[in-house]
Every structure is written in structure tokens, then in C-alpha cells.
Number of protein chains: 2
Amino acid sequence: MDEQGMDEHGTCGHHAHEDRTQNAGTHGAHDHGACAHGPARAGDLVARAERLAQARGLQFTALRRRTLEVVAEEGRPLGAYDIAERLSVPGKRVAAVSVYRALDFLTEHGLVHRIASRNAFVPCEHGHGAGESAVFLICRRCGNVDETTSAEIERSLDRTLAQAGFKPASRIVEIEGECGACQGKAEAE
Amino acid sequence: MDEQGMDEHGTCGHHAHEDRTQNAGTHGAHDHGACAHGPARAGDLVARAERLAQARGLQFTALRRRTLEVVAEEGRPLGAYDIAERLSVPGKRVAAVSVYRALDFLTEHGLVHRIASRNAFVPCEHGHGAGESAVFLICRRCGNVDETTSAEIERSLDRTLAQAGFKPASRIVEIEGECGACQGKAEAE
DNA sequence: GTCCGGCCTGTTACAGTGTAACGCTCGGCG
DNA sequence: CGCCGAGCGTTACACTGTAACAGGCCGGAC
Ligand SMILES: [Zn+2]
Ligand SMILES: [Zn+2]
Ligand SMILES: [Zn+2]
Ligand SMILES: [Zn+2]
């Protein structure tokens with residue numbers, strides 16, 4: 001189709017429809033506020049997704065890519081309905097249910113993460129190998145989410161689980177509090 | 001108040017009705033399946049709540065108590081609407097919004113916990129002191145939730161948080177997988 | 001070529017989760 | 001007595017998530 005016209009250099013990735021072909025690159029300067037490291041890495045994530053799809057024979061479709069781009073460009077966790085809205089253009093609405101399906105794909109392959117305590121989604125900030133799980137630091141004040149990992153935490157958890165005779169399949173670790181930047185701001189008040 | 005008398009072994013506690021007064025007794029064998037340690041501890045939790053309310057000058061009202069009892073008697077995590085339904089009787093419906101308020105109170109004071117990945121609530125299985133946070137082991141097959149703590153995990157987390165300059169306020173650790181009992185069942189298949 | 005089956009997406013409809021706002025009642029207090 | 005705050009009932013609404021069905025596009029079988 002033809003809905004579009006706003007890409008400039010970049011191709012912020014709309015243009016859905018060439019169905020299954022994906023061109024890469026593109027950076028897209030959107031001016032989202034408070035975007036700490038969003039857009040800079042968005043291209044990287046898309047590139048990673050393309051490599052991954054290639055390697056595993058997956059279909060990294062236009063909708064999935066656009067969804068990934070939207071999530072990656074925003075610095076904060078986004079709800080599925082927010083994503084749907086950002087993906088929609090006057091003539092062409094994207095239904096939330098489609099976004100959910102795209103998000104299912106993306107989370108399944110480790111490209112985005114779901115923040116259970118917020119019902120929202122964030123881009124994966126660093127491809128973790130295998131079962132290496134993430135720790136999310138969610139700031140109460142600015143809403144930013146930082147993703148990190150810790151082999152030490154992983155080990156402690158494994159020990160506790162083994163002791164309980166529990167076989168883990170997925171792990172959720174979400175810490176809510178104040179990020180470093182906001183602690184500074186708090187003092188200034 | 002006069003509502004009490006239901007500890008001991010018995011007291012499965014259902015039959016809530018009479019508005020604010022609740023007489024106990026009733027044991028009501030409901031046969032909730034797979035109720036591992038639910039009803040046995042329900043009385044303990046209520047007792048703890050009463051001590052806590054006494055100590056802090058809080059109002060442990062009938063609705064809050066009945067809500068706590070319902071959560072404690074069920075072995076599995078319950079949704080707010082499920083709780084509302086269990087609290088309702090033909091003549092008198094309890095709205096979910098009231099349950100949410102009661103749950104706010106109960107979670108605030110550490111009597112129940114919210115399982116973020118399930119949008120459900122479980123009784124606290126052991127009064128943790130101060131900032132000691134819990135680890136929830138959620139079984140995929142039977143749905144049971146086990147609560148445990150680990151000073152080791154706590155320390156690892158603290159180290160990671162300090163390193164990131166993040167000031168934690170609340171922690172969520174939820175592991176989904178297979179509990180010991182269900183692993184046995186799985187082999188039997 | 002045509003047909004078929006899978007995968008993805010659009011669309012509708014609905015279930016489940018959570019909160020805002022308003023008004024009432026009750027108990028304590030001046 | 002009236003005032004006030006906390007708890008609760010009620011309504012209405014927003015947000016989150018899924019089921020079910022239909023259409024399009026592909027690749028492989030015939
Ligand atoms: Zn990640
Ligand atoms: Zn912050
Ligand atoms: Zn607990
Ligand atoms: Zn189990």
C-alpha cells in the first residue's frame with residue numbers, strides 16, 4: 001500500500017506492505033522526549049531481529065518490525081494499545097489484537113520484554129544468551145526501565161529453586177524504585 | 001468484636017454472610033481440591049492480622065477479614081473478581097471494587113501478596129520482617145504458589161542495585177515452572 | 001496451470017482487570 | 001448538635017487480553 005511519506009532519510013519503518021521483504025538500516029529521528037537510549041539502539045535491535053529471523057527461518061514481517069521499532073524508539077515501557085495507536089495513521093488503523101500477536105512473536109524470541117507489574121513492553125537492551133534472565137529496574141518517578149543481568153543473582157536463584165525442588169521455566173525480577181538520575185532530582189527539590 | 005473462634009483445625013471458614021458480624025464455626029467442608037496448606041493456616045493469618053491491627057491502630061473490618069479468609073482458604077492465587085464472587089451471597093453482592101480496596105489494605109500491611117504475572121492474590125505464608133521480600137514459585141501445572149525467601153538472593157540483588165545506583169522500594173520475584181509434586185506426576189505419565 | 005494448506009493479518013466481539021467519582025453511614029469530637 | 005474522616009456501596013468507565021472467524025499471500029502438491 002501506500003500510506004506513508006514520512007521517512008526522509010530514515011524510513012522510520014512504516015510502509016508495511018511489502019509483506020515479507022525487509023530492508024534494514026534506517027534510523028528514524030522522531031524526537032520522543034526523555035529517550036535515553038532509545039532511537040540510537042532501535043536500528044541495532046532491528047538488525048538483530050533480522051539476523052535472528054534469517055538464522056531460524058522466521059518471518060520478520062513488516063508489522064512485527066514496525067512494532068519492534070516503536071517499542072525500541074520509546075524510552076519507556078509502552079502498553080499494547082499505545083503501540084497500536086502509534087502504528088496507526090489516519091487512513092489505516094492497527095488493531096490492538098494485531099499488536100498483541102506481534103508482541104507475542106517478539107517476546108518469544110527475546111526481542112522485547114513484558115513488564116508484568118506494568119502491563120507494558122520494553123525493547124531488550126542486550127541479547128542475553130540462552131536462559132540468562134533479566135532484572136528490570138523500574139523508576140517510579142521518570143518511568144524509565146533499565147535492564148540488567150547478574151550471574152550472581154542467577155546463581156542464588158538457582159540454588160533456592162533446587163532446594164525447593166522446583167524446575168523453573170521463566171523468571172520475572174522487577175524492582176521498583178528510584179533511578180540514579182531521579183535521586184539527584186529529588187535532592188534538588 | 002465478637003467474631004472469632006474459628007481456629008483450631010476446623011474452620012474452613014466459609015459462610016460469610018451476616019454483614020459485619022461473623023460467627024465462626026461452620027467448618028464447611030468444601031473440598032477445595034489441592035488445598036495444600038490453605039485452611040489450616042487461615043486462622044493463623046487472621047490472628048496475625050488482628051495483632052497487627054491492634055498494634056498499629058488499624059481497622060481490621062469485617063470485609064477485610066472475610067477477604068483475607070477467602071484468600072487464605074484457597075490454595076491457589078485468586079483474582080479479585082473470584083474473591084468478590086465467593087464473598088457474595090444471593091441477597092448480598094460484594095462488588096469487585098470493594099474487594100480491591102480490601103486487598104489494598106491487606107497487601108499494604110503484608111497480609112496478602114499480589115502475583116503480578118497472574119493478576120491474582122495469595123496469602124502471605126510467613127510474616128517477613130521489614131524489607132525482607134519474597135520469592136514466589138508458581139507451578140504451571142497445578143497452579144499452586146509457594147512463597148519463600150532467601151537472604152542470599154536479597155544480598156545479590158542489593159549488590160546489583162547499589163552498583164546501578166538504584167534505590168529500591170519494592171521487589172517482585174516470580175518464578176514460573178513445575179513444582180516438585182507435579183514433576184513426579186509428569187514422570188508418571 | 002490449479003488446488004490446497006499454513007501463516008499472517010484484519011475484524012468483531014467479548015471476558016477480565018482496575019480505577020474514578022459520588023454518596024451514604026458510622027463513630028469520634030468539639 | 002454539627003463536623004469530619006474512614007470505610008463501604010454503587011455506578012460508570014478505562015485499560016488489558018483473548019476467542020473466533022474471514023481474507024490474503026505464499027509455497028508445495030497434483
Ligand atoms: Zn533482554
Ligand atoms: Zn527515574
Ligand atoms: Zn509473605
Ligand atoms: Zn504443581
Side-chain angles (χ1 to χ4, degrees), chain A residues 1 3 14-22 49 53 56-68 71 76-89 91-109 112 114-122 143, chain B residues 1 3 16-22 49 53 56-68 71 76-89 91-109 112 114-122 143:
Chain A
M1 287 230 179
E3 42 273 90
H14 306 109
H15 272 123
H17 287 195
E18 7 345 336
D19 258 351
R20 276 124 214 265
T21 52
Q22 57 260 22
R56 301 193 203 172
L58 305 170
Q59 300 183 248
F60 187 48
T61 65
L63 177 63
R64 290 170 180 176
R65 171 143 42 107
R66 290 195 288 151
T67 301
L68 179 56
V71 172
R76 309 166 306 120
L78 275 182
Y81 281 72
D82 295 328
I83 298 171
E85 199 171 338
R86 277 171 177 66
L87 287 178
S88 297
V89 288
K92 189 78 180 166
R93 257 195 74 251
V94 174
V97 62
S98 296
V99 174
Y100 275 109
R101 289 190 285 231
L103 287 169
D104 283 344
F105 173 90
L106 296 171
T107 53
E108 214 164 289
H109 296 96
V112 313
R114 177 181 155 76
I115 305 297
S117 60
R118 298 284 179 113
N119 298 323
F121 299 83
V122 294
Chain B
M1 347 187 148
E3 41 284 84
H17 322 207
E18 7 341 353
D19 261 346
R20 274 124 211 268
T21 51
Q22 53 255 47
R56 302 192 202 173
L58 304 171
Q59 302 186 4
F60 188 48
T61 64
L63 177 62
R64 289 170 180 177
R65 171 136 46 110
R66 289 197 286 150
T67 301
L68 180 57
V71 172
R76 309 167 306 119
L78 275 182
Y81 282 73
D82 295 328
I83 298 171
E85 199 171 337
R86 276 171 178 65
L87 287 179
S88 297
V89 288
K92 189 80 178 165
R93 256 194 74 250
V94 174
V97 62
S98 296
V99 175
Y100 276 108
R101 289 190 285 231
L103 288 170
D104 284 344
F105 173 89
L106 296 171
T107 53
E108 215 164 289
H109 296 97
V112 313
R114 176 180 156 77
I115 305 297
S117 60
R118 298 285 179 113
N119 298 323
F121 300 82
V122 293

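Residue numbers start from 1 in every chain, and the chains themselves are labelled A, B, ... in the order their sequence lines are given, proteins ahead of strands. The figures that follow rest on heavy atoms only: side chains count, while hydrogens, waters and symmetry mates do not.
- For B:Pro77 against B:Gly143, the heavy-atom pair with the smallest separation is CD-O, 3.2 Å.
- Dashed line: the shortest gap from a side-chain N or O of A:Ser98 to OP1 or OP2 of C:dT9 is not under 4.0 Å.
- With respect to B:Val99, the side-chain contact (heavy atoms from CB on, under 4.5 Å) criterion is satisfied by exactly one of B:Val71, B:Asp82, B:Leu87: B:Leu87.
- Evaluation of the side chain to side chain donor-acceptor pair (under 3.5 Å) rule for A:Arg114 yields A:Asn119 as partners, not counting sequence neighbours.
- Atom-to-atom, CZ of A:Arg56 to P of C:dC7 comes out at 17 Å; the value is rounded to the nearest Å.
- Looking only at side-chain heavy atoms (C-beta outward), A:His109 and A:Phe105 come within less than 4.5 Å of each other.
- Following rounding to the nearest Å, A:Leu58 (CG) and C:dC7 (C1') show an atom-to-atom distance of 12 Å.
- Counting heavy atoms from C-beta outward, B:Leu68 and B:Phe60 have side chains that approach closer than 4.5 Å.
- Taking atom CD of residue B:Glu108 and atom P of nucleotide D:dA6, one finds them 13 Å apart after rounding to whole Å.
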With the criterion being N/O to N/O and under 3.5 Å, what pairs connect the protein with nucleotides 27-30 of chain C, and how long is each?
none

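- Here the C1' atom of nucleotide C:dG16 and the CD atom of B:Glu85 are 13 Å apart, to the nearest Å.
- At least one side-chain heavy atom of B:Arg86 sits less than 4.5 Å from a side-chain heavy atom of B:Leu78.
- For the pair B:Phe60 CZ and D:dG7 C1', the computed distance is 14 Å after rounding to whole Å.
- The phosphate of C:dC8 (OP1 or OP2) has a side-chain N or O of A:Gln59 nearer than 4.0 angstrom.
- Here C:dG18 presents its C1' atom at 12 Å from CG of B:Leu103, a figure rounded to the nearest Å.
- Residue order along DNA chain C, read from the 5' end via each residue's closest nucleotide, puts A:Phe105 first among A:Phe105 and A:Arg93.
- If you take CG of A:Leu78 and C1' of D:dC15, they are 15 Å apart, rounded to a whole angstrom.
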The contact string for nucleotides 16-22 of chain D, one letter per nucleotide 5' to 3', using protein heavy atoms under 4.0 Å with B, S and - for base, sugar-phosphate only and none, comes out as BBBBB--

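- Proximity of A:Thr61 to the phosphate of C:dC7: no side-chain N or O atom is located under 4.0 Å from OP1 or OP2.
- The nearest whole Å value for the distance from the CD1 atom in A:Ile83 to the P atom in D:dC15 is 15 Å.
- Under a 3.5 Å cut-off, the side chain of A:Ser88 and the backbone N or O of A:Val94 do form a donor-acceptor pair.
- In this structure, CZ in B:Arg65 is found 11.5 Å from CG in B:Leu106, a value given to the nearest 0.5 Å.
- When all heavy atoms of B:Thr107 and B:Asp104 are compared, the pair lying nearest together is OG1-O, 3.0 Å.
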